[in-house]
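To start, the structure under review is shown below, and the notes come after it.
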Amino acid sequence: MSYWLMKSEPDVFGIDDLERVRVEPWEGVRNYQARNMMRDEMQEGDLAFFYHSNCKVPGIVGILRIVRAGYPDDSAWDPEHTYHDPRSTPDNPRWYRVDVGFERKFRDVIPLADLKAAPALSDMPLVRRGNRLSIMPVTEAQWEFILSMAD
DNA sequence: GCCAACGTTGGC
DNA sequence: GCCAACGTTGGC
């Protein structure tokens, strides 16, 4: 079992949306590194921090669980869809997604500024300048440390 | 809204 | 295969 961090813009889909719907396909990822992790590495039962990006206080807001491992993202071959990519077809899918389930919402957001200030987290891609990966692995030590910052 | 950093595309 | 142009991400 592995740990992850997954970013989403709360204006588009935030932790409250996930709490409401309980399970959601994590579709629309159009980045190869992130795709590879969803397609090849994420397993059912894995846990991930839910990160809010592009908002007033960016940071970690809760925990989600991978409830279905990687499978083709069919929004890519729907011409009507925002995430349409004509290069992806059912026979040769280019993009993948996982299904995520709501696990827990922290009482308070753990702000990016606090994560950046923690020496224990200095290796996380999240706090490295210019990193834009929307899905990244989290080590067990980082996971435990961040959990200790919550609530 | 600005803009730095980065990934992708496409001409050559 | 190089690299300039372009689009996107995402903090601030």
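The sequence lines fix the lettering, A, B, ..., with proteins before strands; numbering per chain opens at 1.
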Just distance, no hydrogens or angles: give the donor-acceptor pairs under 3.5 Å from side chains in residues 6-21 of chain A, sequence neighbours left out.
residue	atom	partner	partner atom	Å
Lys7(A)	NZ	Leu133(A)	O	3.1
Ser8(A)	OG	Phe13(A)	O	2.6
Glu9(A)	OE2	Asn54(A)	ND2	3.3
Asp16(A)	OD1	Lys105(A)	NZ	2.8
Asp17(A)	OD1	Arg20(A)	NH2	2.7
Asp17(A)	OD2	Gly14(A)	N	2.8

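In terms of hydrophobic clustering, with Ile, Leu, Val, Met, Phe, Trp and Tyr side chains grouped at heavy-atom distances under 4.5 Å, Leu147(A) and Val127(A) are assigned to a common cluster.
Within the 4.0 angstrom heavy-atom criterion, no nucleotide atom of any strand lies near Lys56(A). Among the heavy atoms of the strands lying under 4.0 Å from Arg87(A) are primed sugar atoms or P, OP1, OP2 only; no base atom is included.
The side chain to side chain contact (heavy atoms under 4.5 Å, CB included) test applied to Ala76(A) returns Arg30(A), Asp85(A), Ser88(A), Trp95(A), not counting sequence neighbours.
Using modelled atom types and a 3.5 Å distance limit, the side chains of Tyr71(A) and Asp99(A) yield a donor-acceptor pair.
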Salt bridge (charged side-chain N to carboxylate O under 4.0 Å, His left out) assessment of Asp73(A) paired with Arg35(A): CA-CA 10 Å; Asp73(A) 182 352; Arg35(A) 179 215 51 194; over 6 Å; no
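Between Arg129(A) and Tyr32(A), the residue anchored closer to the 5' end of DNA chain B is Arg129(A), taking for each the nucleotide with the nearest heavy atom. Between Arg132(A) and Asn54(A), the residue anchored nearer the 5' end of DNA chain B, judged by the nucleotide with its closest heavy atom, is Asn54(A).
Of all nucleotides in DNA chain B having an atom under 4.0 Å from a heavy atom of chain A, the first and last in 5' to 3' order are dA5(B) to dT9(B).
Summarising the geometry, atom CD1 belonging to Ile63(A) is positioned 16.0 Å from atom CH2 belonging to Trp4(A); distances are rounded to the nearest 0.5 Å.
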